[in-house]
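See below for the structure under consideration.
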Amino acid sequence: QVQLVESGGGLVQPGGSLRLSCAASGSIFSINAMGWYRQAPGKQRDLVAIITSDGGTNYADSVKGRFTIARDDAKNTVYLQMNTLKPEDTAVYYCSADIKKQFSQVVFRYWGQGTQVTVSS
């Protein structure tokens, strides 16, 4: 089996910073793109940032210049550094990873369990 475990969420004041981590484990052969999504109450889950296996990145317009996505392939981990946080960044953040399992030809998208980020004074 494959698991994605997130950490790093919490309560922060406007203008503050948080760093999210997401580690993948299990019978992994390779990981393609890894990403972060978020879902606010009553809204759909939206892409925040994505990073490809060769390091290419893409960000939602609302977080450009404030958030940075990075990955450590030796640790099968993706990070999201969030700076200058705003109340509208409040949401549950989910990580994703497109993983090919050992002995499989199929790439499947796995999800983390979600971590709450609340930006409030």
Side-chain angles (χ1 to χ4, degrees):
Q1 291 296 332
V2 172
Q3 278 190 317
L4 271 61
V5 178
E6 303 168 7
S7 60
L11 173 65
V12 63
Q13 292 187 342
S17 297
L18 281 176
R19 188 192 193 209
L20 305 182
S21 300
C22 172
S25 63
S27 57
I28 297 169
F29 177 77
S30 63
I31 303 178
N32 296 346
M34 304 182 82
W36 289 95
Y37 293 73
R38 67 186 180 187
Q39 187 168 19
K43 295 188 177 181
Q44 66 182 17
R45 187 177 298 186
D46 291 325
L47 175 69
V48 175
I50 195 165
I51 184 166
T52 63
S53 57
D54 61 0
T57 59
N58 192 35
Y59 296 91
D61 288 343
S62 59
V63 307
K64 283 180 181 177
R66 300 189 298 122
F67 291 10
T68 302
I69 189 170
R71 60 191 286 170
D72 183 337
D73 290 334
K75 298 180 179 180
N76 288 339
T77 298
V78 62
Y79 305 95
L80 186 68
Q81 178 67 45
M82 305 185 293
N83 299 328
T84 319
L85 282 160
K86 305 176 181 180
E88 51 263 43
D89 294 318
T90 296
V92 177
Y93 283 70
Y94 298 89
C95 67
S96 70
D98 296 341
I99 293 173
K100 181 183 290 187
K101 293 176 62 177
Q102 291 178 347
F103 313 116
S104 173
Q105 297 301 314
V106 178
V107 177
F108 187 80
R109 176 160 294 179
Y110 291 85
W111 293 91
Q113 79 281 5
T115 186
Q116 178 69 47
V117 172
T118 302
V119 184
S120 175
S121 55

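Quick caveat: nothing in here was measured; it's all calculated off a predicted structure.
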Can you get from [X] to [Y] by hopping between Ile, Leu, Val, Met, Phe, Trp and Tyr side chains that sit under 4.5 Å apart?
{"X": "L4", "Y": "Y93", "answer": "yes"}
{"X": "I51", "Y": "I99", "answer": "yes"}
{"X": "V63", "Y": "M82", "answer": "yes"}

Pairing residues for [X] by the side chain to side chain contact (heavy atoms under 4.5 Å, CB included) criterion, not counting sequence neighbours:
{"X": "D72", "value": "A74, K75, Y79"}
{"X": "S104", "value": "K101, V106"}
{"X": "K43", "value": "A40"}
{"X": "A49", "value": "Y59, I69, L80"}

For S53 versus I31, what's the shortest heavy-atom pair and its separation? CB-O, 4.0 Å
Mind jotting down which residue pairs meet the disulfide bond (SG atoms under 2.5 Å apart) criterion with at least one end in residues 59-94? Sequence neighbours excluded, please. none
In short, disulfide bond (SG atoms under 2.5 Å apart) pairs touching residues 36-86 with sequence neighbours left out are none
Which residues satisfy the salt bridge (Lys or Arg N to Asp or Glu O under 4.0 Å) test with D89, sequence neighbours excluded? R38, R66
Listing request: all side chain to side chain donor-acceptor pair (under 3.5 Å) pairs with a residue in residues 1-11, at least two apart in sequence or in separate chains. none
Anything under 3.5 Å between a donor and an acceptor, one on a side chain of residues 114-121, the other on a protein residue two or more places apart or in another chain? List them.
residue	atom	partner	partner atom	Å
T115	OG1	G9	N	3.4
Q116	NE2	A91	O	3.4
Q116	NE2	T118	OG1	3.3

Give a yes or no on whether the backbone of T52 and the side-chain of R71 come within a donor-acceptor separation of less than 3.5 Å. yes
For Q105, side chain to side chain donor-acceptor pair (under 3.5 Å) partners two or more places apart: none
Name all pairs fulfilling the ring-ring contact (aromatic ring centres under 6.0 Å, His included) condition that reach into residues 94-121, sequence neighbours left out, sorted by first residue then second. Y37-W111, F108-Y110
Return the CZ to OG1 distance between F67 and T84, rounded to the nearest 0.5 Å. 9.0 Å
Using distance only, find each side-chain donor-acceptor pair of residues 10-28 under 3.5 Å and give its atom names and separation, not counting sequence neighbours.
residue	atom	partner	partner atom	Å
S17	OG	N83	OD1	2.9

